[in-house]
Amino acid sequence: MDEEESLHKAIYEEVALFPYNANWPSMYEAERGRLLRLFPADFLAIEHFGSTAVPGLSAKPIIDILAGVDSISRADELMQPLCHAKYTTSTAFNASLVGRRWLMQWAEGRRTHHLHLVVYGGQEWKRRLAFRDILRANTELVEQYEQNKRLWAAEFKSDREGYTAAKSDFVREVLKRATT
């Protein structure tokens, strides 16, 4: 499979959950280190978030990385250099996003990393890390989330955006309960 075929396959990859993999944190650390070497002054902080950052939780085997920048305009300036550093992105998809920019890495027809650029300390930064931290502290909630994710993965197997939207309602409800 050539690079173009691999990218196309990764873009249209079906939603599939895998059991928690104890290597996910080290995969994050390796990519975090690479990003800091390539862009030593550009990120105010870098965090592992998403399901691969929650011990014991099944997930799509994609390492979600949250990189804090000082402004969305700075995130926009980093898009092209990041694309030269083994990431790709979708201009159309990013145009639909508010408060963040998205890039992905892939290999052998599978997504491996999602990089989310957000304003450090801003609403997106706080929301994404709060949800991760709530899950890390509550095994009952992890079990409930996993059961729901399995249902959504079956329902939205060929619809990544539908799967993400289904998860978003759960995330909003968990964060709402945490703040009341």
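Being a predicted model, the structure only gives us computed values, none of them experimental. As a basis for the values below, the full set of heavy atoms in this structure was taken, side chains included, without hydrogen atoms, waters or symmetry mates.
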- Could you tell me whether the side chain of R110 reaches within less than 4.5 Å of the side chain of I62, counting heavy atoms only? no
- Query: Does the side chain of E31 come within less than 4.5 Å of Q105's, by heavy atoms?
  - Reply: yes
- Item | Atom of A10, atom of R111 and distance for their closest heavy-atom approach | O-NE, 3.0 Å
- Query: Counting only heavy atoms not in K167, do more than 12 fall under 6.0 Å of its NZ?
  - Reply: yes
- So how far is it from T164 OG1 to E161 CD, rounded to the nearest 0.5 Å? 5.5 Å
- Task: Without swapping roles, check the side chain of E173 against the backbone of F170 for a donor-acceptor pair under 3.5 Å.
- Result: no
- Query: Is R128 close to E124 at the side-chain level, that is, under 4.5 Å between some pair of heavy atoms?
  - Reply: yes
- Item | Whichever hydrophobic residues join I72 through chains of side-chain contacts under 4.5 Å | V119
- Message: Do S58 and K149 pair up side chain to side chain, a donor and an acceptor below 3.5 Å, judged on atom types alone?
- Response: no
- Do NZ/NE/NH1/NH2 and the carboxylate oxygens of R150 and E146 come within less than 4.0 Å? yes
- Message: My understanding is that a hydrophobic cluster links ILVMFWY residues whose side chain heavy atoms are under 4.5 Å apart, including indirect links. Using that, what else belongs to the cluster containing L44?
- Response: F49, L66, V118, Y120, W125, L129
- Message: Can you confirm whether more than 12 heavy atoms, excluding those of E5, are under 6.0 Å from its CD atom?
- Response: yes
- Query: Shared ILVMFWY cluster between L78 and L36, side chains joined below 4.5 angstrom?
  - Reply: yes
- Item | Rounded distance (nearest 0.5 Å) linking atom OG of S71 with atom CZ of R74 | 8.0 Å
- Item | Q123 CD: over 12 foreign heavy atoms closer than 6.0 Å | no
- Any side-chain donor near an acceptor of the partner, D64 and H48, under 3.5 Å: no
- Quick one: do H114 and L103 satisfy side-chain contact (heavy atoms from CB on, under 4.5 Å)? Show the steps, please. CA-CA 6 Å; H114 285 169; L103 300 103; over 6 Å; no
- Query: Does R160 pair with E13 as a salt bridge, N-O distance under 4.0 Å?
  - Reply: yes
- Is any side-chain heavy atom of T89 less than 4.5 Å from a side-chain heavy atom of C83? yes
- What is the distance from atom CE of M79 to atom OG1 of T88, rounded to the nearest 0.5 Å? 9.0 Å
- Message: Using the rule that Ile, Leu, Val, Met, Phe, Trp and Tyr join whenever any side-chain heavy atoms are under 4.5 Å apart, tell me whether L141 and Y20 fall into a single cluster.
- Response: no
- Query: Hey, does R34 have a side-chain heavy atom less than 4.5 Å from the side chain of K86?
  - Reply: yes
- Task: Using only heavy-atom distances, determine whether the side chains of S6 and W106 contain a donor-acceptor pair under 3.5 Å.
- Result: yes
- Test of ring centre spacing under 6.0 Å for W24 and Y28: no
- Task: Could you tell me whether the side chain of K60 reaches within less than 4.5 Å of the side chain of V15, counting heavy atoms only?
- Result: yes
- Note on the structure: Between D159 and G162 the two heavy atoms that sit nearest each other are OD1-N, 2.9 Å
- Specify whether F43 and F39 have parallel, tilted or perpendicular ring planes, treating 30° as the upper limit for parallel and 60° as the lower limit for perpendicular. perpendicular
- Query: Between atom CG of L57 and atom OG1 of T52, what is the distance when rounded to the nearest 0.5 Å?
  - Reply: 9.0 Å
- Task: Kindly work out whether a path of hydrophobic side-chain contacts (I/L/V/M/F/W/Y, heavy atoms less than 4.5 Å apart) joins I46 to L38.
- Result: yes
- Item | side-chain contact (heavy atoms from CB on, under 4.5 Å) assessment of Y87 paired with L35 | CA-CA 11 Å; Y87 280 92; L35 287 168; 4.0 Å; yes
- Task: Tell me whether W102 is reachable from L117 by hopping between hydrophobic residues (I, L, V, M, F, W, Y) whose side-chain heavy atoms are closer than 4.5 Å.
- Result: no
- Where do A107 and T112 come nearest, in terms of heavy atoms and distance? N-CG2, 3.9 Å
- Considering all heavy atoms of both residues, which atom of N21 and which atom of N23 are nearest to each other, and what is their separation? OD1-N, 2.7 Å
- For R136, all residues meeting side chain to side chain donor-acceptor pair (under 3.5 Å), sequence neighbours excluded: none
- Quick check: are there more than 12 heavy atoms from other residues, nucleotides or ligands sitting under 6.0 Å from CD of E140? no
- Mind checking whether S51 and V54 have side chains closer than 4.5 Å, heavy atoms only? no
- Query: Within the distance-only criterion (no hydrogens, no angle test), does the side chain of N138 pair as donor or acceptor with the backbone N or O of I134 below 3.5 angstrom?
  - Reply: no
- Item | In one Ile/Leu/Val/Met/Phe/Trp/Tyr side-chain cluster, 4.5 Å: Y12, Y163 | no
- Message: What verdict does the side-chain contact (heavy atoms from CB on, under 4.5 Å) test give for H116 and R101, after you've listed the backbone C-alpha separation in whole Å, the side-chain angles of each residue and the deciding distance to 0.1 Å?
- Response: CA-CA 6 Å; H116 305 258; R101 296 295 179 262; over 6 Å; no
- Task: Take M104 and L7 through the side-chain contact (heavy atoms from CB on, under 4.5 Å) test and state the conclusion after the steps.
- Result: CA-CA 10 Å; M104 110 175 155; L7 175 58; 3.6 Å; yes
